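Since the model is a prediction, treat every value here as computed from it, not as a measurement. Note that ligands are numbered from 1 as they come in the structure, with each ligand's atoms numbered from 1 the same way.
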Amino acid sequence: MIRTVPAFSRIGEENAFAVLARATALARAGADIVNLGIGQPDFATPPHVVEAAIQALRDGHHGYTPATGILPLREAIAADLESRTGAGVDPERVMVVPGGKVTMFMAILMFGEPGAEILHPDPGFPIYRSMIEFTGATPIPIPIREENGFAFSAAETLSLITPRTRLIIVNSPANPTGGVTPRAEVEALVAGLAAHPDVAILSDEIYGAMTYDGEEHVSLLTFPEIRDRLIHLDGASKTYAMTGWRLGWSVWPDGLYEAARKLAVNSFSCVNAATQYAGIAALAGPQDCVAEMMAAFDRRRRLVVEGLNALPGVSCITPKGAFYAFPNIRDTGWRAKPLASALLEKAHVATIGGPDFGLTGEGYLRLSYAASEPAIETALERMGRFLREERPGA
Ligand code: PLP
């Protein structure tokens, strides 16, 4: 039998896609599924953004672009980052990539090798761990705790650094918890990193524009003392409801930009040209579409949290960012994955079990509130009925 190199036995994936496939199969067979599993906005991409892509195709933008992305898009990215975070960004250090994931793929490839350790949030986006294991490096989970409001702890993160640590991954606002790390904690992390000048940092800020109640998003870009080893991960997927366009971007330090550019040349060549023009329209155009989407997410967030806290055995702290709730389900007597699976099969509500985001996720479910308010109400009603009627299963 034809075989790959052994690294492919270590590569993982995202269970959210498996849940989506199962939910779709059940729906095709006639079930009325409420999908709170998948992490993508249920809104259409704003019309002016779609129009910009169509116009770009009509204008003949059909060829390759520079591997790092077209300059006007990189300028729009730098301007957006500057206006949102206050940090100065040189467009010559911005890379346009096909989705947020590609930045983590590149960064982990640059630092992962057998013997190296890479710290990653747990629970956290599953691709971090998967890619770390693919490279042969050792994944070191940074526990993300409910008692800290699902913020990362600077002290705990710093305590996990060893002479083998090459890269630290942080994510705020966070998937799967909706946690936002407060300024004091971010500052403490940056201060502590001064003692570890050889450790690189990947800051996944793809939900950076998605916080509630005026909660501050503190970008690591605003700390000049770590800019020479900071990789900033960002993109349009979430903020502009553009998951299927595949448009992400990153800011790289001088020493790594060339490596990232070469990885682009060796793999995707460039992001789809029309998509890049859509990106300019998204970033430089009117932003009321983002405000409207966030207002809708905020209403749903309140509905979800209130509804979850009324369910037997369930408690849920109020998420401060992204569009996920991460309820604690320990008192239901269920383990998380069997509960997620039973909820899908029997109550027709798709959620994701916390352990799909790392071992610290046991005892929790992730609900993505990227669904209409009536759909959320139906889901909560079904979950309540299920928890009252069904005994915990294996
Ligand atoms: N980072 C985090 C924390 C995410 O939740 C996601 C998507 O769910 C990504 C990155 C990847 O985004 P994209 O779809 O743009 O690759």
Side-chain angles (χ1 to χ4, degrees), residues 12-20 35-43 45 49 69 73 77 95-108 119-132 141-142 144 150-152 167-181 201-211 217 219-220 231-251 264 267-268 271-272 275-276 278-279 282-283 297 319-326 350-352 354 356-358 361 366-370:
E13 59 185 317
E14 267 188 86
N15 201 36
F17 284 100
V19 172
L20 178 64
N35 195 343
L36 304 183
I38 192 76
Q40 70 177 338
D42 55 322
F43 303 102
T45 302
V49 176
L73 175 56
I77 291 164
M95 274 279 311
V96 180
V97 288
K101 259 179 192 168
V102 178
T103 299
M104 70 186 75
F105 187 85
M106 290 178 163
I108 296 168
L119 276 50
H120 66 96
D122 180 337
F125 191 56
I127 300 306
Y128 305 142
R129 187 182 179 100
S130 162
M131 272 306 297
I132 296 167
I142 307 167
I144 304 295
F150 295 125
F152 62 74
L167 176 69
I168 297 180
I169 304 173
V170 290
N171 171 222
S172 173
N175 179 7
T177 59
V180 176
T181 302
I201 306 125
L202 170 64
S203 184
D204 183 342
E205 301 184 21
I206 199 149
Y207 298 101
M210 306 185 97
T211 61
H217 164 60
S219 173
L220 286 186
I231 303 154
H232 170 91
L233 181 159
D234 217 322
S237 295
K238 317 289 175 171
T239 318
Y240 297 99
M242 292 180 73
T243 50
W245 294 72
R246 309 313 299 141
L247 179 61
W249 49 84
S250 22
V251 183
S267 50
F268 54 86
V271 168
N272 173 300
T275 289
Q276 295 193 50
L283 290 168
F297 277 138
K320 294 177 176 166
F323 42 77
Y324 306 109
F326 206 61
T351 62
I352 314 279
D356 283 336
F357 302 95
R366 188 192 79 172
L367 275 68
S368 157
Y369 43 91

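Looking at ligand 1, you'll find an N or O of Gly100 within less than 3.5 Å of one of its N or O atoms. Considering backbone and side-chain N/O atoms, Asn171 never comes within less than 3.5 Å of an N/O atom of ligand 1. Between Tyr324 and ligand 1, a contact under 3.5 Å exists for no N or O pair. Considering both main-chain and side-chain atoms, Arg246 comes within under 3.5 Å of ligand 1 through a nitrogen or oxygen pair. The shortest N or O to N or O distance between Lys101 and ligand 1 is under 3.5 Å.
When hydrogens are left out, the protein atom nearest atom 12 (O) of ligand 1 is Ile206 CD1, 3.6 Å; that is the closest non-hydrogen contact.
Under the 4.0 angstrom criterion for non-hydrogen atoms, Glu14 is not in contact with ligand 1. Ligand 1 has at least one atom lying under 4.0 Å from a heavy atom of Asp204.
Each of Glu205, Met210, Lys320 was compared with His217 under the side-chain contact (heavy atoms from CB on, under 4.5 Å) criterion, and only Glu205 meets it.
Which parts of ligand 1 touch Gly99 is read off a 4.0 Å heavy-atom cut-off, strictly below it: atoms 15 (O), 16 (O). The distance from ligand 1 to the heavy atoms of Met104 drops below 4.0 Å at these ligand atoms: 1 (N), 10 (C). Ligand-side atoms of ligand 1 in range of Lys238: 6 (C), 7 (C), 8 (O), range being under 4.0 angstrom from any heavy atom.
Between the side chains of Thr243 and Ser237, no donor-acceptor pair is found at a separation under 3.5 Å. Between the side chains of Asn171 and Tyr207, no donor N or O sits under 3.5 Å from an acceptor N or O.
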Inset, instruction - For side chain to side chain donor-acceptor pair (under 3.5 Å), just list the numbers for His120 and Asp122, CA-CA rounded to whole Å, side-chain angles, deciding distance to a tenth of an Å, and then say yes or no. - result: CA-CA 7 Å; His120 66 96; Asp122 180 337; 5.5 Å; no

Legend entry - Candidate pair Phe43 and Phe297, rule ring-ring contact (aromatic ring centres under 6.0 Å, His included), full reasoning: CA-CA 10 Å; Phe43 303 102; Phe297 277 138; 5.4 Å; yes

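Of all non-hydrogen atoms in Tyr128 and Ile108, the two that sit nearest each other are O-CD1, 3.8 Å.
At least one donor-acceptor pair under 3.5 Å links the side chain of Arg366 to the backbone N or O of Gly37.
In this structure, Phe150 has its ring center under 6.0 Å from that of Phe326.
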